Student: 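Questions regarding the structure given below will be posed in turn.
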Amino acid sequence: MAEYLKRGKPAAERAEDDARTRETVEGLLAGIEARGDAAVRELSAKFDGYEPRAFRLTASEIEAAMSQVSAREMEDIRFAQTQIRRFAEAQRASMTDIEIETMPGVILGHKNIPVNSVGCYVPGGKFPMVASAHMSVLTAKVAGVKRIVASAPPVNGKPHPAIVAAMHEGGADEILVLGGVQAVGAMALGTESIRPVDMLVGPGNAFVAEAKRQLFGRVGIDLFAGPTETCVIADDTVDGEICATDLLGQAEHGYNSPAVLITNSRRLAEETLAEIDRLLQILPTAETARVSWADYGEVILCDGYDEMLAVSEEIASEHIQVMTDRDDWFLDNMTSYGALFLGPRTNVANGDKVIGTNHTLPTKKAGRYTGGLWVGKFLKTHSYQRIVSDEAATLVGEYGSRLCMLEGFVGHAEQCNIRVRRYGGLNVPYGKGAPYREAAE
Ligand SMILES: NC(=O)c1ccc[n+]([C@@H]2O[C@H](COP(=O)([O-])OP(=O)(O)OC[C@H]3O[C@@H](n4cnc5c(N)ncnc54)[C@H](O)[C@@H]3O)[C@@H](O)[C@H]2O)c1
Ligand SMILES: [Zn+2]
């Protein structure tokens, strides 16, 4: 049985937090739906102290923001975008349109069609998340989305230059300076000044993730990508300093970022706990990391690798870093997670910022049913069919007619029968829906 050397808040308290968030978001979205721009403006003033002339940046405002980005920063942004584009293009190439003849004269196919317009949310409440612009905007571009709207909150009362640069370089067609529920609400529902999109993507805090969830159905969403979670699976091959660094590295995202160590080593568990206390004294962002660690941090000591696997499958964390003597065994056997980071040389921060995989990943156990954002999320797979011979029209029509009648669908059966009459030369009386071989005899 796994032993908890440290536990986070009980599940009931986490559920209460979620219920409060749900209620807040419902109210805010209702306001945006009823009052459009006026509500958006009020929320922007209330939450971000920002009331510009317009939320959409003009070409010259984009240029002005970009001129504040240094050459070094620009080169770093381009380096990251190159890696992300490279991986996204390879993933795009793995998705092919198909067309096959399933039986003589019957042709079935599918086409991958990009969503026409998307709204990419780029978080910026606590940290200006420049990287989220690459992850959503650039990936949508690779997918072939025609209209890409990108939105990030103001940082210190104005558009954040590097975020604007990353959005623009990534291929955004419209850039909005709007945060939180007002951003995703306006993009999904549309206002007098903001044309609605077909789909929302991108990560965000609990309010943003919940707003996307509530808007799902009105528009598409990529996935439930809320406050960052991290999990480290480690054994005696590593030390407490590296585990503590990796846990706090992601706990700093906000006040509600779970960080969990799963290990079979009591020595490592105790060393990591001690290192976390030490690092929290010196990490400049300890203010939030400390709260996340106190409320959501866990250290779970397991009996062996099988139990470590079982516990991590249950948690289904957004990021899982594996540093053991059998990393490939975890890769082979794990099924529920956002993304895996294998071996001590890599880490979640690389994945967040630069390495090329997408950092928008499922949280709150959504890894049970979806992976993260990727080029495929922007593509809709649509089927089509065609019958090219009279024989096939007759044969499929006969089966079709009987199967329609099995369910009592006479009108459906007629769709088949009319073709059997025309293309098979069989006389099937209208509205009988009878198997026509007999009907024809
Ligand atoms: N799952 C993922 O893939 C992933 C990736 C990157 C980041 N993240 C997460 O994104 C989040 C970014 O959060 P953030 O807060 O820094 O920025 P954010 O941009 O997501 O949210 C900022 C907005 O939150 C709104 N807000 C703040 N307080 C509010 C309140 N009380 N009620 C209603 N709205 C309120 C404001 O409108 C503000 O504009 C972090 O939690 C981070 O962990 C997740
Ligand atoms: Zn992160």
Side-chain angles (χ1 to χ4, degrees), residues 17 20-29 31-32 39-50 55 120-136 150-155 157 160 163 176-186 201-213 221-230 246-259 285 288-289 291-292 296 317-319 321 337-339 341 347-355 357-367 370-374 377:
D17 294 346
R20 262 195 304 275
T21 305
R22 265 200 306 277
E23 227 172 274
T24 306
V25 169
E26 251 167 38
L28 299 183
L29 287 178
I32 295 168
V40 167
R41 193 161 273 284
E42 279 167 28
L43 295 176
S44 178
K46 174 175 173 191
F47 291 118
D48 296 320
Y50 185 65
F55 291 105
C120 302
Y121 186 72
V122 175
K126 192 162 171 53
F127 298 95
M129 295 202 57
V130 178
S132 295
H134 327 320
M135 302 299 171
S136 301
S151 190
V155 176
H160 188 272
I163 289 182
L176 307 176
V177 184
L178 256 183
V181 178
Q182 57 276 21
V184 289
V201 302
N205 62 18
F207 299 103
V208 170
E210 173 58 19
K212 280 171 62 194
R213 195 190 67 78
I221 65 169
D222 50 354
L223 57 137
F224 191 85
T228 301
E229 306 165 350
T230 207
D246 288 341
L247 292 166
L248 293 181
Q250 296 301 315
E252 80 176 356
H253 265 289
Y255 298 101
N256 49 1
S257 275
T285 53
T288 45
V291 179
S292 272
Y296 297 91
S317 180
E318 179 195 358
H319 304 102
Q321 179 147 359
Y337 53 86
F341 301 79
N347 68 77
V348 175
N350 281 344
D352 272 355
K353 310 299 175 202
V354 65
I355 211 162
T357 53
N358 207 294
H359 84 190
T360 301
L361 297 166
T363 59
K364 289 203 179 276
K365 294 183 193 276
T370 183
L373 181 57
W374 72 295
K377 292 266 183 194

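Both counts, for ligands and for their atoms, begin at 1 and track the order of listing. Small disclaimer: the values here were computed from a predicted structure and weren't measured.
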Student: For atom 2 (C) of ligand 1, which protein heavy atom lies nearest, and how many Å away is it?
Tutor: E318 OE2, 3.1 Å

Student: Among all protein heavy atoms in this structure, tell me which lies nearest to atom 18 (P) of ligand 1, with the distance rounded to 0.1 Å.
Tutor: Y121 OH, 3.5 Å

Student: Just jot down the ligand 1 atoms closer than 4.0 angstrom to any heavy atom of T360, in number order.
Tutor: 3 (O)

Student: Are V208 and V184 packed together at the side-chain level, in the sense that at least one heavy-atom pair is separated by less than 4.5 angstrom?
Tutor: yes

Student: Is N205 reaching over with its side chain to a backbone N or O of G180, donor-acceptor style, under 3.5 angstrom?
Tutor: no

Student: What is the closest protein heavy atom to atom 3 (O) of ligand 1, and at what distance does it sit?
Tutor: L361 N, 2.7 Å

Student: Heavy-atom distance to atom 40 (C) of ligand 1: which of T21, V122, N205, L373 wins?
Tutor: N205

Student: Compare G226, G125, A225, P128 and give the one whose heavy atom is closest to atom 44 (C) of ligand 1.
Tutor: G226

Student: May I ask you to identify the nearest protein heavy atom to atom 38 (C) of ligand 1, giving residue, atom name and distance to one decimal place in Å?
Tutor: D48 OD1, 3.5 Å

Student: Which residues satisfy the side-chain contact (heavy atoms from CB on, under 4.5 Å) test with I221, sequence neighbours excluded?
Tutor: L200, K212, F216

Student: Just jot down the ligand 1 atoms closer than 4.0 angstrom to any heavy atom of T228, in number order.
Tutor: 7 (C), 8 (N), 9 (C), 42 (C), 43 (O), 44 (C)

Student: Within the 4.5 Å heavy-atom criterion, are N256 and D17 side-chain neighbours or not?
Tutor: no

Student: What protein heavy atom is closest to atom 29 (C) of ligand 1, reported as residue, atom name and distance in Å?
Tutor: F207 CE1, 3.5 Å

Student: For E229, is there any backbone N or O sitting under 3.5 Å from a side-chain donor or acceptor partner on E318?
Tutor: yes

Student: Do T370 and K377 make a side-chain contact, defined as non-hydrogen atoms from C-beta onward lying under 4.5 Å apart?
Tutor: yes

Student: Among all protein heavy atoms, pick out the one at the shortest distance from atom 41 (O) of ligand 1; state its residue, atom name and that distance to 0.1 Å.
Tutor: P227 CA, 3.4 Å

Student: Checking contacts here: is it the side chain or the backbone of T363 that comes within 4.0 Å of ligand 1, counting heavy atoms only? Could be both or neither.
Tutor: side chain

Student: So do the side chains of D48 and Q182 get within less than 4.5 Å of each other, counting heavy atoms only?
Tutor: yes

Student: Salt bridge check, R213 against E210: does any charged N sit closer than 4.0 Å to a carboxylate O?
Tutor: yes

Student: Just checking, is any N or O donor in the side chain of E252 or T285 under 3.5 Å from an acceptor N or O on the other one?
Tutor: yes

Student: Students should be able to answer this: which protein heavy-atom is nearest to atom 33 (C) of ligand 1, and at what distance?
Tutor: F47 CZ, 3.3 Å

Student: Nearest non-hydrogen contact with atom 5 (C) of ligand 1 belongs to which option: P203, A366, G179?
Tutor: P203

Student: For atom 16 (O) of ligand 1, what is the closest protein heavy atom, and at what distance to 0.1 Å?
Tutor: K126 N, 2.7 Å

Student: Under 4.0 Å, heavy atoms only, figure out whether ligand 1 is touched by the backbone of V208, its side chain, both or neither.
Tutor: side chain

Student: Work out whether the distance between some heavy atom of Q182 and some atom of ligand 1 is less than 4.0 Å.
Tutor: yes

Student: By ring-ring contact (aromatic ring centres under 6.0 Å, His included), which residues pair with F341, not counting sequence neighbours?
Tutor: H319

Student: Is the shortest heavy-atom distance from the side chain of V40 to the side chain of L178 under 4.5 Å?
Tutor: yes

Student: By residue and atom, what protein N/O/S atoms are less than 2.8 Å from the Zn ion (ligand 2)?
Tutor: Q250 OE1, H253 NE2, D352 OD2

Student: Does any non-hydrogen side-chain atom of V348 lie less than 4.5 Å from one of T228?
Tutor: no

Student: Heavy atom under 4.0 Å from ligand 1: found in P123's side chain, backbone, both, or neither?
Tutor: both

Student: Might you point out which heavy atoms bring L29 and A211 nearest each other, and give the distance in Å?
Tutor: CD1-O, 4.1 Å

Student: Against ligand 1, does G124 come closer than 4.0 Å with any heavy atom?
Tutor: yes

Student: Tell me whether the count of non-hydrogen atoms from other residues, nucleotides or ligands lying under 6.0 Å of NZ in K126 goes above 12.
Tutor: yes

Student: Sequence neighbours left out, what passes side-chain contact (heavy atoms from CB on, under 4.5 Å) with P123? Give chain and number order.
Tutor: Y121, M129, S132, P203

